[in-house]
Amino acid sequence: MDCINKAEKNGQKLTVVYGDCTLGVHGSTGGKPFHYIFSYQTGGPESINIDGREWLYRTPKPTFWRALTDNDRGSGFHLKSGVWMSADLFMGCVGIEVFADGKRMSPPIAPENNKFGSEVDADDISIAFTYETITSPQTNAVVVYKVDSCGKIHVTATYKGKEGLPELPVFGMRFIMPTKAAGFRYEGLSGGNLSRQKGRRTEGDLRGGRAPCHSLSGAPGLWDAYGYKMGGNLP
């Protein structure tokens, strides 16, 4: 919020470029330029560049599979829910929506993007990608990236479940970076034993409606927040 108030005071805005196959978002914060490229072809961000440093190696995608445990093998969980491994590996992007300052834009691809000119200003820009799984029956997951005028990216991943599918091993996002990260920070619920884990908030915080904050020191604050929603098909 402080960043947004400062940006409004200084008249800071994003520069948006509506390309034929990509959406470019550019700006500067704290004297550091940032350049983000969202690809319509790969279905997500393909470049996150801050102050000359690239943070992405592959386009982030939803993930539905995790490493198996001994209990999984013993119960045959991998045989009953193995379809989610295929869904994790192969998925298609079937829908894209773009919102500038909360207003839905017409599909900003050629030739529609020609009406925008070379550059357009905005206070914030959101782009939503809808993915379809190869499960039977098929189901969808939606990932929304919202960029504010300070360059912070808020990511919301949503999966609502589908009747007729086996138990879901996990739901989240996979970010593959060019180099190892020194740490990370995320916000969200992660079980009822938080009060026994060092550096995490207590169960009382959960009852008060506040999500705990987890972090490892040293990671730059690239992903400011991670909105997480899911439901259905969970063990």
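Everything numeric here is computed off the predicted structure, so don't read it as measured data.
Between the side chain of Asp123 and the main chain of Asp101, no donor-acceptor pair closer than 3.5 Å is present. Formation of a donor-acceptor pair under 3.5 Å by the Thr22 side chain with backbone atoms of Gly24 is not found in this model. A distance-only check finds no donor-acceptor pair linking the side chain of Ser81 to the backbone of His78 [under 3.5 Å]. In terms of modelled atom types and a separation under 3.5 Å, the side chain of Asn113 and the main chain of Tyr18 share a donor-acceptor contact. In this structure, Glu132 contributes its side chain and Gly95 its backbone to no donor-acceptor pair below 3.5 Å. Between the Tyr131 side chain and the Gly43 main chain, a donor and an acceptor come within less than 3.5 Å of each other.
Hydrophobic clustering (side-chain heavy atoms under 4.5 Å, transitive across Ile, Leu, Val, Met, Phe, Trp, Tyr) keeps Val147 apart from Ile37. Linking ILVMFWY side-chain heavy atoms closer than 4.5 Å, directly or via other members, places Phe99 and Val155 in two distinct hydrophobic clusters.
Rounding to the nearest 0.5 Å places NE2 of His154 at 10.5 Å from CG of Asp148. Glu97 CD to Met105 CE: the interatomic distance, rounded to the nearest 0.5 Å, is 13.0 Å. In this structure, the separation between OH on Tyr36 and OH on Tyr145 is 13.0 Å, given to the nearest 0.5 Å. To the nearest 0.5 angstrom, Ile125 atom CD1 is 8.0 Å from Ile127 atom CD1. In this structure, Lys162 NZ and Thr139 OG1 are separated by 6.0 Å, a value rounded to the nearest 0.5 Å. Here CG of Asp124 is found 14.5 Å from NZ of Lys152. Values are rounded to the nearest 0.5 Å.
Using a cutoff of 4.0 Å between basic side-chain nitrogens and carboxylate oxygens, Glu167 and Lys80 are not scored as salt-bridged. Using a 4.0 Å cut-off between a side-chain N of Lys or Arg and a carboxylate O of Asp or Glu, Arg66 and Asp88 do not qualify as a salt bridge.
With contacts defined as side-chain heavy-atom distances shorter than 4.5 Å, the pair Phe77/Leu79 does not qualify. Contact annotation: the side chain of Met177 never approaches that of Tyr57 to less than 4.5 Å [non-hydrogen atoms, C-beta and beyond]. Tyr159 is listed as a side-chain neighbour of Leu168, based on a closest heavy-atom distance under 4.5 Å. Side-chain contact between Ile176 and Thr59 is absent, with no heavy atoms from C-beta onward closer than 4.5 Å. Between Leu165 and Trp84 the shortest side-chain heavy-atom distance falls below 4.5 Å. Within the 4.5 Å cutoff, the side chain of Thr130 has no heavy atoms near those of the Ile96 side chain. Annotation: side chain of Pro178 is not in contact with side chain of Leu56 (no heavy-atom distance under 4.5 Å). Contact annotation: the side chain of Thr133 never approaches that of Met91 to less than 4.5 Å [non-hydrogen atoms, C-beta and beyond].
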side-chain contact (heavy atoms from CB on, under 4.5 Å) evaluation trace for Asp121 with Thr15: CA-CA 5 Å; Asp121 290 338; Thr15 298; 3.9 Å; yes
Residues Val98, Leu23; criterion side-chain contact (heavy atoms from CB on, under 4.5 Å); working and verdict: CA-CA 9 Å; Val98 177; Leu23 177 75; 4.3 Å; yes
Lys146/Ile153 under side-chain contact (heavy atoms from CB on, under 4.5 Å): CA gap, chis, key distance, verdict: CA-CA 6 Å; Lys146 182 176 181 180; Ile153 304 173; over 6 Å; no
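Ring geometry for Phe64 against Phe171 counts as tilted: the plane angle lies between 30° and 60°, on a 0 to 90° scale.
When all heavy atoms of Val83 and Pro166 are compared, the closest pair comes out as CG1-CG, 3.6 Å. Shortest non-hydrogen contact noted between Ser149 and Phe34 is O-CZ, 4.1 Å. Nearest heavy atoms, Glu54 versus Glu46: OE2-O, 4.5 Å.
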